[in-house]
Amino acid sequence: MTAAPARLRLVRPDDAHLHLRDGVAMASVLPATARVFARAIVMPNLKPGVTTVAAATAYRDRIRAALPDGADFTPMMTLYLTDTTSSDEIARAKASGFIAACKYYPAGATTNSAQGVTAIDRAFAALAAMEREGLVLCVHGEVTDPDVDVFDRERVFVERHLARVVAAFPALKIVFEHATTREAVQFVEGAGPNVAATITPQHLLYSRNAMLAGFVRPHLFCLPILKREAHRLALVAAATSGSPKFFLGTDSAPHARGAKEAACGCAGCYSAPAALPLYAQAFEDDGALDRLEAFASLHAAAFYGWPRNTGTVTLVRDDWTVPASLAFGDGDAIVPLAGGESLRWRVEAP
Ligand code: DOR
Ligand code: ZN
């Protein structure tokens, strides 16, 4: 007789950083998240961006309409900050009750960021209103200067801009999204309790060697780009530290297979189908499985001021293979993160 597989029951987790897209693409990726996560911070980088409360309301309605029957999932919406976001729009966002944050994209930094802020000072009136209203700022922390090497863009953002924003708005709640460097981790650790960070599964599990050594693996290309091993180790230490400043944000960012395997391939890892098992693997590798629940299910809720989720999910220690390809949108295919690979933990069917 074989022993029953190990099981790990967690409070249902929240995904504090998620791209759902829209239309048929959204309908094909939403079930993977809604099956496991109770809530998600939904990023606003549609085309055009979700820059107004009216647009966020309509987007939320479309997400809710696309949910599978019986799904228990709450989308927490974000507004896309631009050079012209007004204090009035911020006040309306807060009053909505379902807009949790505004997302700062430096113009040109990543997918659909052309409407982003062209110089952070241009968003200062909006940031002041957010600080007043108690709306969270989610930061894509990379400079876009062509002179700055792609691998240095996060570190330079932390040095040039982040400290200044934190000093100018000391009560503003800030989430440094998808931290990828030791410098970002150190900054967040040294800041007050109003500054936190999300960490993705790919940045916990892979260094840039996994993406670039020998062959280029486009499905590991995301922004901020994977960094060298020393940074990955700093992220693992932060995620498994038990500090409430670090929490789960997958940055699951679906792009069709053809848009990734291309001469000019898009940035983004579609991690939703295997996200929680991937985090479990990273925590287990570090001997920290007992800290997974706080990272995945408690810290984001505490930071955002949400009630703790009431349901649970169960991880079972049971090898399974992530599908190498899945259907996406209107007849396209998509390659999930770790597609074709065997993982040690799977989420038990609810
Ligand atoms: O890799 C990324 N993909 N980084 C981002 O910041 C955006 C995202 C996307 O929307 O595809
Ligand atoms: Zn993102």
> Checking Val139 against His161 for the side chain to side chain contact (heavy atoms under 4.5 Å, CB included) test, could you report, in this order, the C-alpha distance in whole Å, the side-chain angles of both residues, the deciding distance, and whether it holds?
CA-CA 11 Å; Val139 174; His161 302 303; over 6 Å; no
> If only atom types and distance count, is the side chain of Asn309 paired as donor or acceptor with the main-chain N or O of Arg12 below 3.5 Å?
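Answer holds: yes.
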> So how far is it from Tyr279 OH to Ile199 CD1, rounded to the nearest 0.5 Å?
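Spacing of OH (Tyr279) from CD1 (Ile199) equals 8.0 Å.
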> Out of Leu276, Val347, Leu298, Thr314, which one pairs with Leu10 under the side chain to side chain contact (heavy atoms under 4.5 Å, CB included) rule?
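Of the listed options, the one satisfying the test is Leu276.
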> Side chains of Lys227 and Thr181: do they bring a donor and an acceptor to under 3.5 Å?
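Checked: Lys227/Thr181 side chains show no N/O donor-acceptor pair below 3.5 Å.
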> Spell out, as yes or no, whether a donor-acceptor pair under 3.5 Å connects the side chain of Ser252 to the backbone of Ser271.
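Flag set: sc Ser252 to bb Ser271 pair under 3.5 Å.
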> Can you tell me how the ring of Phe124 sits relative to the ring of Phe169, calling it parallel under 30°, perpendicular over 60° and tilted otherwise?
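Because their plane-to-plane angle is over 60°, the rings of Phe124 and Phe169 count as perpendicular.
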> Side chains of Ser113 and Tyr80: does their closest heavy-atom pair fall under 4.5 Å?
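A side-chain contact exists here, since the closest heavy-atom pair is under 4.5 Å.
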> Any donor-acceptor pair under 3.5 Å linking the side chain of Glu133 with the backbone of Lys94?
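No: the side chain of Glu133 does not pair with the backbone of Lys94.
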> For the residue pair Ile334 and Ala327, what are the closest heavy atoms and their distance?
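Closest heavy-atom pair between Ile334 and Ala327: CG2-O, 4.2 Å.
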> Which pair of non-hydrogen atoms, one from His255 and one from Cys266, has the smallest distance, and what is that distance?
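Taking His255 first and Cys266 second, the nearest heavy atoms are ND1-CB, 3.4 Å.
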> More than 12 heavy atoms of other residues, nucleotides or ligands under 6.0 Å from CG of Asp330: yes or no?
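Counting neighbours around CG of Asp330, 12 or fewer heavy atoms of other residues, nucleotides or ligands fall under 6.0 Å, so no.
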> CD/Gln202 to CG/Asp251 distance, rounded to the nearest 0.5 angstrom?
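With rounding to 0.5 Å, CD (Gln202) is 6.5 Å from CG (Asp251).
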> Between His140 and His178, what is the ring plane arrangement, given parallel below 30°, perpendicular above 60°, and tilted in between?
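Correct class here is perpendicular.
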> Assess the residue pair Val50 and Thr78 against the criterion (side chain to side chain contact (heavy atoms under 4.5 Å, CB included)); give the C-alpha distance rounded to whole Å, side-chain angles, the decisive distance to 0.1 Å, and a yes or no.
CA-CA 8 Å; Val50 180; Thr78 56; over 6 Å; no
> Regarding Glu348 and Arg7, does a basic nitrogen lie under 4.0 Å from an acidic carboxylate oxygen?
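Looking at Glu348 and Arg7, the cut-off is met.
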> What about Val175 and Leu204, same hydrophobic cluster or not, with Ile/Leu/Val/Met/Phe/Trp/Tyr joined at side-chain heavy-atom distances under 4.5 Å?
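Different clusters: Val175 never reaches Leu204 through Ile, Leu, Val, Met, Phe, Trp or Tyr contacts under 4.5 Å.
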> Quick one: pull up CZ in Arg39 and OG1 in Thr74 and give me the separation to the nearest 0.5 Å.
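Interatomic distance, Arg39 CZ to Thr74 OG1, rounded to 0.5 Å: 7.0 Å.
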> Any donor-acceptor pair under 3.5 Å linking the side chain of Thr180 with the backbone of Leu226?
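Between the backbone of Leu226 and the side chain of Thr180 there is no qualifying donor-acceptor contact (under 3.5 Å).
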> Can you get from Leu289 to Leu315 by hopping between Ile, Leu, Val, Met, Phe, Trp and Tyr side chains that sit under 4.5 Å apart?
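Looking at the clustering, Leu315 is in the same group as Leu289.
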> Provide the closest heavy-atom pair for Ala100 versus Ile41 in the form atom of the first, atom of the second, distance.
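For Ala100 and Ile41, the tightest heavy-atom pair comes out as CB-CD1, 3.8 Å.
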> Just wondering, more than 12 heavy atoms not from Arg308 lying within 6.0 Å of its CZ?
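Atom CZ in Arg308 is not packed in, count stays at 12 or less.
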> Can you tell me if Arg217 has over 12 outside heavy atoms packed within less than 6.0 Å of its CZ?
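For Arg217, atom CZ is crowded (more than 12 foreign heavy atoms under 6.0 Å).
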> Are any side-chain N or O atoms of Asp318 and backbone N or O atoms of Arg346, one a donor and one an acceptor, separated by less than 3.5 Å?
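Judged by distance alone, no pair lies under 3.5 Å.
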> Quick one: do Val158 and Ile174 end up in the same hydrophobic cluster if we chain Ile, Leu, Val, Met, Phe, Trp and Tyr together by side-chain heavy atoms under 4.5 Å apart?
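They do share one cluster, since a chain of ILVMFWY contacts under 4.5 Å joins Val158 to Ile174.
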> Assign the ring pair Trp306 / Tyr304 to parallel, tilted or perpendicular, where the plane angle (0 to 90°) is split at 30° and 60°.
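Correct class here is parallel.
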> Determine, stepwise, if the pair Glu154 / Glu183 fulfils side chain to side chain contact (heavy atoms under 4.5 Å, CB included).
CA-CA 8 Å; Glu154 180 174 293; Glu183 290 82 0; over 6 Å; no
> Report the distance from atom NE2 of His19 to atom CG of Asn45, rounding to the nearest 0.5 Å.
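That separation rounds to 5.0 Å.
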> Spell out, yes or no, whether Val322 and Trp345 are grouped together once hydrophobic residues are joined by side-chain heavy atoms under 4.5 Å, including indirect joins.
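No, Val322 and Trp345 fall in different hydrophobic clusters.
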> Please lay out, stage by stage, how Lys103 and Glu177 fare under the test salt bridge (charged side-chain N to carboxylate O under 4.0 Å, His left out).
CA-CA 9 Å; Lys103 179 71 185 278; Glu177 299 293 339; 5.9 Å; no
> Could you check if a side-chain atom of Leu337 sits within less than 4.5 angstrom of a side-chain atom of Tyr206, using non-hydrogen atoms only?
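SC-SC contact between Leu337 and Tyr206 confirmed.
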> Say whether, by atom type as modelled, one donor and one acceptor occur between the side chain of Glu131 and the main chain of Ala171 under 3.5 angstrom.
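Between the backbone of Ala171 and the side chain of Glu131 there is a qualifying donor-acceptor contact (under 3.5 Å).
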> Can you name the nearest heavy-atom pair linking Ala66 to Met26, along with the distance?
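Heavy atoms only, the tightest pair is CB-CE, 4.1 Å.
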> For the pair Tyr270 and His219, evaluate side chain to side chain contact (heavy atoms under 4.5 Å, CB included) and give the outcome as yes or no after the intermediate values.
CA-CA 8 Å; Tyr270 176 46; His219 298 288; over 6 Å; no
> Could you tell me if the ring centre of Phe303 sits under 6.0 Å from that of Phe247?
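Close enough - the centres of the two rings lie under 6.0 Å apart.
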> Do the side chains of Thr51 and Thr85 get nearer than 4.5 Å, heavy atoms only?
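SC-SC contact between Thr85 and Thr51 ruled out.
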> Hey, could you give me the CZ/NZ distance between Phe221 and Lys260, rounded to the nearest 0.5 Å?
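Between Phe221 CZ and Lys260 NZ, I get 7.0 Å after rounding to 0.5 Å.
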> May I ask you to test the Met211-Ile225 pair for a side-chain heavy-atom distance under 4.5 Å?
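Of all side-chain heavy-atom pairs linking Ile225 with Met211, at least one is under 4.5 Å.
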> Heavy-atom distance under 4.5 Å between the side chains of Tyr104 and Leu127, does that happen here?
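Of all side-chain heavy-atom pairs linking Leu127 with Tyr104, none is under 4.5 Å.
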> Please check if the side chain of Lys173 supplies one atom and the backbone of Gly134 the other of a donor-acceptor pair under 3.5 Å.
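It does not hold such a pair.
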> Within a strict 4.5 Å, meaning less than it, do heavy atoms of the Cys102 and Leu135 side chains meet?
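Contact flag for Cys102/Leu135 side chains = yes.
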> Could you list the residues that satisfy salt bridge (Lys or Arg N to Asp or Glu O under 4.0 Å) with Glu261, not counting sequence neighbours?
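With sequence neighbours excluded, Glu261 shows a salt bridge (Lys or Arg N to Asp or Glu O under 4.0 Å) to Arg257, given in chain and number order.
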> For Gly329 versus Ser28, what's the shortest heavy-atom pair and its separation?
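Reported closest heavy-atom pair: N-OG, 3.0 Å.
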> Should Tyr105 and Pro44 count as side-chain neighbours, where that means a heavy-atom distance under 4.5 Å?
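The answer is yes, as the side chains (C-beta and beyond) meet within the 4.5 Å cut-off.
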> Donor-acceptor pair, distance only, cut-off 3.5 Å: does the side chain of Ser96 make one with the backbone of Ala93?
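Side chain of Ser96 to backbone of Ala93, a donor-acceptor pair under 3.5 Å: yes, one is there.
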> Can a side-chain donor-acceptor contact be found between Asp286 and Thr240 if the only test is distance below 3.5 angstrom?
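There is such a pair between these side chains.
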> Test of understanding: clusters of I, L, V, M, F, W, Y form through side-chain heavy atoms closer than 4.5 Å, transitively. Do Val11 and Leu8 belong to the same one?
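Per the 4.5 Å side-chain linkage, Val11 and Leu8 are not co-clustered.
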> Are side-chain heavy atoms of Val148 and Arg160 found at a separation under 4.5 Å?
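Answer yes - side chains close enough.
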> At what distance, to the nearest 0.5 angstrom, does CG of Leu212 lie from CG of Leu220?
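If we round to the nearest 0.5 Å, Leu212:CG and Leu220:CG are 9.0 Å apart.
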> Please say which of Leu18, Leu248, Val313 ends up in a side chain to side chain contact (heavy atoms under 4.5 Å, CB included) with Phe37.
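With Phe37 as partner, side chain to side chain contact (heavy atoms under 4.5 Å, CB included) holds for just one option, Leu248.
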> Could you give me the CA-CA distance, side-chain angles and deciding distance for Asp285 and Arg344, then say whether salt bridge (charged side-chain N to carboxylate O under 4.0 Å, His left out) is met?
CA-CA 11 Å; Asp285 289 346; Arg344 297 193 296 267; 2.7 Å; yes
> Please tell me whether His231 and His203 form a close aromatic pair, meaning their ring centres lie under 6.0 Å apart.
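No; His203 has its ring centre 6.0 Å or more from that of His231.
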> Please report the closest heavy-atom contact between Ala274 and Leu343, naming both atoms and the distance.
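So the minimum-distance heavy-atom pair works out to CB-CD1, 3.9 Å.
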> Please walk me through it: do Phe187 and Phe176 pass ring-ring contact (aromatic ring centres under 6.0 Å, His included)?
CA-CA 10 Å; Phe187 184 92; Phe176 192 85; 7.9 Å; no
